[in-house]
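Counting from 1, the numbers follow the sequence of the chain as shown. We count ligands from 1, going down the list as the structure has it; atoms in each ligand are counted the same way.
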Amino acid sequence: MIAVDIEKKLKAYNGLQILQVKKEFEPGSVTRITGPSGAGKTTFIKMVAGLIAPDKGSITANETWFDSNQKINLTPQQRRIGFVFQDYALFPNMTVKQHLEYATNDAQWIARLLNIGQLDTFTNHKPGHLSGGQQQRLAILRALAIKPQLLLMDEPFSALDVKMKVKLITDLQILFKEVGATVLIVSHNPQELDGVSSDELVMGEI
Ligand code: ADP
């Protein structure tokens, strides 16, 4: 269980807004985070990841990740988090395979990930020589490579065509179960996770 109860002042163009989230995420569950642009979806998952600190509150998994009273704030590495950024954040000089080897030395797991992401024939390509959809799949595979207890994804399927998306989501669900990952997915597309049993966190309009 990951329990979040946090508050953060957002510096929006139209003034300060308070982002407040109190929610529990069951182990192994998938939650879709929705809400209008500017609602704080990206900021929220970055706070859960440990990339941005909340102003107050607590985030607890198997241990305390963040507690403003006790001044605890674990790093993303300490939280064992996989994160898929909206802009992928790939390394321009690393090949597909090197991205995954950087995260894990389990060759069998890497081979499986490459197969599921349909990147097995692109292992020696660098991001610059991949399509947008391939780059996005690589970002997802890299995040999964460390077998994270929590996987945070920011619009992870936006560059994929519908057919690829449906197949990938089906395959990823098997991996999520295997890894035992709790998954939070920011998505503005209401149909995106059709067929996936998922919880929903709606972020308010600001
Ligand atoms: P969404 O992902 O829902 O579109 P964002 O989380 O990207 O929303 O942004 C929500 C608001 O939070 C924006 O107005 C942005 O300026 C503000 N914001 C982003 N990062 C921070 C931060 N580290 N501290 C305070 N405000 C932030």
| query | For the side chain of K41 and the backbone of G35, is there at least one donor-acceptor N/O pair under 3.5 Å apart? | reply | yes

| message | Whether the side chain of W109 engages the backbone of A145 through a donor-acceptor N/O pair (distance < 3.5 Å, no angle test) should be reported. | response | yes

Per-atom contacts of ligand 1 with [X], taking only distances under 4.0 Å to non-hydrogen atoms:
X   : answer
K9  : 25 (C), 26 (N)
I52 : 23 (N)
G40 : 1 (P), 3 (O), 5 (P), 6 (O), 8 (O), 10 (C)
P36 : 3 (O)

| K8 near ligand 1 by a heavy-atom separation under 4.0 Å | yes

| remark: Residues passing the ring pair (Phe, Tyr, Trp, His ring centres under 6.0 Å) test with F25, sequence neighbours excluded, are none

| said: Would L10 count as being in polar contact with ligand 1, using the rule that some N or O on each side must be under 3.5 angstrom apart? | reply: no

| message | Is there a polar contact, in the sense of an N or O pair closer than 3.5 Å, between A39 and ligand 1? | response | yes

| For M1, which fellow cluster members are found when Ile, Leu, Val, Met, Phe, Trp and Tyr are connected by side-chain heavy-atom distances below 4.5 angstrom, either directly or through intermediates? | none

| query | Of L19, V186, T43, which has the heavy atom at the shortest distance from atom 6 (O) of ligand 1? | reply | T43

| query | Is NZ or CZ of R142 both nearer than 6.0 Å to the six-membered ring centre of F91 and within 45° of the ring axis? | reply | yes

| message | Given S158, which partner from the list H188, Q136, K165 fulfils the side-chain hydrogen bond (donor to acceptor under 3.5 Å, both in side chains) test? | response | Q136

